[in-house]
Each structure stands twice: as C-alpha cells, then as structure tokens.
*Asks:* 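Encoded as structure tokens, here's the structure I'll be asking about.
The analysis underlying the following values was restricted to heavy atoms, covering all of them including side chains, and did not include hydrogens, waters or symmetry mates. Throughout, protein chains are lettered first and strands after them, A, B, ... in sequence-line order, and every chain is numbered starting at 1.
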Amino acid sequence: MNDLSLTDVAATPYETPLLRVSGLCKNFGAVVACRNVSFALWPGEVLGVVGESGSGKTTLLNCVSARLQPDAGRIEFQLRDGRVAELFEMSEPARRMLMRTDWGIVHQNPRDGLRLGVSAGANVGERLMAVGARHYGEIRGNAADWLRKVEIEVARIDDPPRTFSGGMQQRLQIARNLVSRPRLVLMDEPTGGLDVSVQARLLDLLRGLCSELGLAAIVVTHDLGVARLLAHRLTVMRRGEIVESGLTDQVLDDPQHPYTQLLVASILQ
Amino acid sequence: MSDHRLRVIGLEKGFTLHNQGGMRLPVLRGIDLTVAAGECVVLKGPSGTGKSTLLRTLYGNYLVEQGHVLVRHDERVIDLATAPPRLILEMRRRTMGFVSQFLRVIPRVPTIDIVAEPLRSLGIAAQAARQRAGTLLERLAIPQRLWSLPPATFSGGEQQRVNVARGLIAEQPIIVLDEPTAALDDLNRAVVMALIDEVRRRGSAIIGIFHDVEVRDALGTRIFELPHAESA
C-alpha cells in the first residue's frame, strides 16, 4: 500500500497564473523581434529571460509592460479580485491604473525610471501618491523605510538622485517601484551598468525582497550568473523565439538546445 | 512494512553535445531502484558509470530522458519525468534535500542565513531557523565568530560543512548526498557521519555517493551497483 506505482502518479492541479503570455508576435518592419512567444508566471516566481543582444528579450518586456503593442498574441493578467484581463482589451485608464498599482518596472538605466531632479524621498513618495496616499508624514515615513530597505542612508532623503552613485540610483529605482507593493516586477538588465561588487549587493537585495514580498518578477539579462542567482526558472531566447525553458539550474547544468549549450559553454570560468 | 519514498523505473540518461558535431554520450541505461524511508542507499561503481548523473537526475537538476522517477511528495506520487519546474521547486523545499560536493556561494549572505534558508523557505520564523542553524554549525565545529560572514573566504572543509548543514537542516523525507565528506578531516567526518545517520534514523530516505569505504560501511544500509551504460 505504500509502494510507489506509475498508476498512482498524480496530475498537476491547475492554478491560474498571475501572467500568461500566449503566441506573442512583434515585428519591426521586416525584422522579427518576437515570434510566437508563450509562457506563464505564478506569484512568488522569478523568471529569467536570457539570450544574446537582439534576441528579442527587451521587446518582449516592452510588450508585457504594455509600452509596445504586439502584432499578435495575448497577454493576460490576473487582477487582485481574481478576474483575468487581457492587457490590450482593457480600457486605457484601467491599464494605466494597473501599471501604477500592480506593476513595477526597473529599467537598466536608472535615468529612465527616476526623476533625477527631485529628492530621493519624493521619487519614492510619488508612487504612493499615485495610488492615493495623501498624508505627508506617512508618505515620508514610508519613503524613509524603503530607503533603509535598499540600504540608502535616510539622511540622503532630501538629496536628488542626480547626486547618487549608479548603484544607489539603481537601488532607489527599486524602492520607488516596490513601495506601492506591486504584484509583478519587470526588470531589464537590473545590474547592467554596475561594478561587479555593486552588482553582488544589488542581486542580494533583489533576492531578499522577491522572497520576502512574494513578488513575481521577470528579469531580462544576458548575464547567466545573474540569472542563476535570481531566477527560479529560465527561458532562453534566440532570434525572437523561445528555444528552451526550465528550472534555472537544470537549463544551465543540462542544456538541451544547441544554442543554450553554446551560451553555457561560453561563460568564462 | 516498507514506506517507499523514491522509485526509479527504466531510467535512461545521456548527453547530446550539439556543438561537438552532435556527439552522443550515453550514461545511464535501464536503472531500476527503490528507496524506502530509513534506508541509506550507497551508489557504487567505477568512475564514469554515472553515479553523479543519477543523483542529479533524482533532484531534477538533470532531465529524465527515458523512464520514470517517482517521488512521494506529501500524499501524492509525482513523476519527475513529467513534473513542471514549478512543482519540482516545491518538492525541493519540502520533499527533497541535496548536499552537493561544493558550496555555491551567494555573495554577501552570512553563513548562518545560508544554513537557515531551507527552514525559512518552509515558513519557519527567522529566529527559530537561525537557532537551529546555530546548533548545527556548532556541532560541525564552525566557530561562532564566522557565522555572520559569507562563507566565500572559508577553507574547503569549512565550506563543505556549511553545505552539509544547509543540506540536512530541513530533514526532508528524501536526501541526496554527493560526497558529503570528501574534503573533511577525521574528526569532522565523524560528526558529519553521525548527523547523516541521525537524519536517516528519524526516517529520511537517503541516497548518496561516498568514496570513503569507512563512511560507506558505516552509513549504508544497502549498496546499489551501477551497471556500465554500454553493457546494460
């Protein structure tokens, strides 16, 4: 009765994903950026998207974040009330609200995600005000908490990020995104322009925050080391198509597709 | 009564090297194996017979090519050959532990938290998890002043012990061990052996590679000899 038998193998119960992308296509003129891309993401999961420059990673992220309309395919998101909505079938105001409340976007270049001229505190507080916070003291207190979380001295709260180092700016961008408690965070090469030592600190911070807050995240990177540390699952893209997906350590240690094998073999040891 | 935790049926595993002209390396063929609670199965066979490959396949680190790897996960039976990655991650949290030969160091994370992490991921409070991690590290003779440091600068033996502590702390029902005593001196090896044996006696099913004959004889309740892939 306690034997393991093939006939007892359980079917995997279906759980609605937080995000489901199916059959996504995007061309720029004759250039194919994404071809028939499909994947799903569940709460608490970090999905890494790897592949060389020009493989369509960033286009995919831009479509998923609704900054770029795909030529074909569906992007479905489970709302807080449990309903599932297709991104481009929503009304423009509803989509904007979703992006302000449920989504965070961490850009490779902090300049694209921050307002460099206003104070660090205001950069963080602005997202809170966008979701309806009005009490100045609470907003400032919340901003200070988040600066501490991302290891920025609270004494710098009134300084503009223009005066911050690249690593600090990137951490501030993360605070600005996470303060409104999004359910999905999209990151494009989050450690891209940083020194190796600063990268480690940021990765460690991101790892901690993702697991602590149960965030779902998509991390686009060309750095397989970053992917190994951050991502639970990995998707490999080449010429606009997904060529392989699986558990991160499985894809990196037992790659199946010729392109993934090449990618893994090219890492400097 | 035998309480089977893991069953391998007709497992085949090889590697296709696409960038070496599609060269095919067959490694495992026709592997059948069952491991029950409270057993410690020792894999044996000359170098190159696929002992490590088998362990990695049991943990979902390598893909199953042919055959089945059935695992009891809570009250369900899961086949690793068809389980979605998300489910395998969940199984690693609650059902399958792994001690690899080398510690994959996460930058900046203190040793105590590296060891406590498997308990944290099961929802156990930080303080209780750290306390249990501390108890294990103490038994493994890692001095307390090192606990707050990341293990990157530790000696090979110290890293290995940190790795053992992390791999055993959650006492999952199935624990996979790849040479857990390789880099250790006699004293530390004895401690690691005692820990593994305690975990087994408390009911975990253990499967491992131990090159040291003494360790193998002391811990193993059964030996599984791997056939040569070509001759099988």
*Asks:* Could you tell me which non-hydrogen atom of B:Gly60 sits nearest to which non-hydrogen atom of A:Gln250, and how far apart they are?
*Replies:*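 Heavy-atom minimum between the residues: O-CB, 3.7 Å.
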*Asks:* Using a cut-off of under 4.5 Å for heavy-atom pairs, which of B:Leu63, B:Asp79, B:Ile9, B:Val71 has the most such pairs with chain A?
*Replies:* B:Leu63
*Asks:* What's the verdict on side-chain contact (heavy atoms from CB on, under 4.5 Å) for A:Asp249 and B:Arg92, showing C-alpha distance, side-chain angles and the deciding distance?
*Replies:* CA-CA 12 Å; A:Asp249 61 80; B:Arg92 286 179 180 180; 2.6 Å; yes
*Asks:* Any Lys/Arg nitrogen of A:Asp8 or B:Arg7 sitting under 4.0 Å from an Asp/Glu carboxylate oxygen of the other?
*Replies:* no
*Asks:* Counting only heavy atoms not in B:Glu65 (residues, nucleotides, ligands), do more than 12 fall under 6.0 Å from its CD?
*Replies:* yes
*Asks:* For atom CZ of B:Arg24, is the number of surrounding heavy atoms from other residues, nucleotides or ligands below 6.0 Å larger than 12?
*Replies:* yes
*Asks:* For the atom pair CG (A:Asp3) and CG (B:Asp3), what is the distance rounded to the nearest 0.5 Å?
*Replies:*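 It is 10.0 Å, given to the nearest 0.5 Å.
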*Asks:* Between A:Leu6 and chain B, which part of the residue has a heavy atom less than 4.5 Å away: side chain, backbone, both or neither?
*Replies:* both
*Asks:* Write down the atom of A:Ser5, the atom of B:Val77, and the distance for their closest heavy-atom approach.
*Replies:*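 Where A:Ser5 meets B:Val77 most closely, the heavy atoms are O-CG1, 4.3 Å.
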*Asks:* Against chain A, label B:Arg120 side chain, backbone, both or neither, depending on which of its atoms sit under 4.5 Å from a heavy atom there.
*Replies:*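 Contact with chain A is absent: no heavy atom of B:Arg120 under 4.5 Å.
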*Asks:* Determine the option with the most heavy-atom pairs under 4.5 angstrom with chain A, choosing from B:Leu70, B:Ile78, B:Ile88.
*Replies:* B:Leu70
*Asks:* Chain A contacts: which residues in residues 160-178 of chain B have a non-hydrogen atom closer than 4.5 Å to it?
*Replies:* none
*Asks:* Counting heavy-atom pairs under 4.5 Å to chain B, which of A:His257, A:Glu151, A:Gln199 comes out on top?
*Replies:*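 Of the candidates given, the most pairs with chain B belong to A:Glu151.
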*Asks:* Look at the side chain of B:Arg76 and the backbone N and O of A:Ala10, then say whether any donor-acceptor pair between them is shorter than 3.5 Å.
*Replies:*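 The answer is no, because no donor-acceptor pair under 3.5 Å joins these two groups.
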*Asks:* Measure distances from A:Asp204 to the heavy atoms of chain B and classify the residue's part below 4.5 Å as side chain, backbone, both or neither.
*Replies:* side chain
*Asks:* With a 4.5 angstrom heavy-atom cut-off, which part of A:Gln261 approaches chain B: side chain, backbone, both or neither?
*Replies:*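 Its backbone and side chain both get close to chain B.
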*Asks:* Report, as yes or no, whether the 6.0 Å neighbourhood of atom CZ on A:Arg35 holds more than 12 heavy atoms from other residues, nucleotides or ligands.
*Replies:* no
*Asks:* Find the distance between CG (A:Leu205) and CZ (B:Arg108) and round it off to the nearest 0.5 Å.
*Replies:* 7.5 Å
*Asks:* Checking B:Phe15 against chain A: side chain, backbone, both or neither under 4.5 Å from a heavy atom?
*Replies:* side chain
*Asks:* Please say whether more than 12 non-hydrogen atoms of neighbouring residues, nucleotides or ligands are located less than 6.0 Å from CZ in A:Arg239.
*Replies:*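 Result for CZ/A:Arg239: open.
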*Asks:* Just so I understand: if I count every heavy-atom pair under 4.5 Å between each of B:Thr34, B:Leu87, B:Leu89 and chain A, which residue has the most?
*Replies:*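 Winner by heavy-atom pair count: B:Leu89.
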*Asks:* How about CZ on B:Arg145, more than 12 heavy atoms from neighbouring residues, nucleotides or ligands closer than 6.0 Å, or not?
*Replies:*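 For B:Arg145, atom CZ is not crowded (no more than 12 foreign heavy atoms under 6.0 Å).
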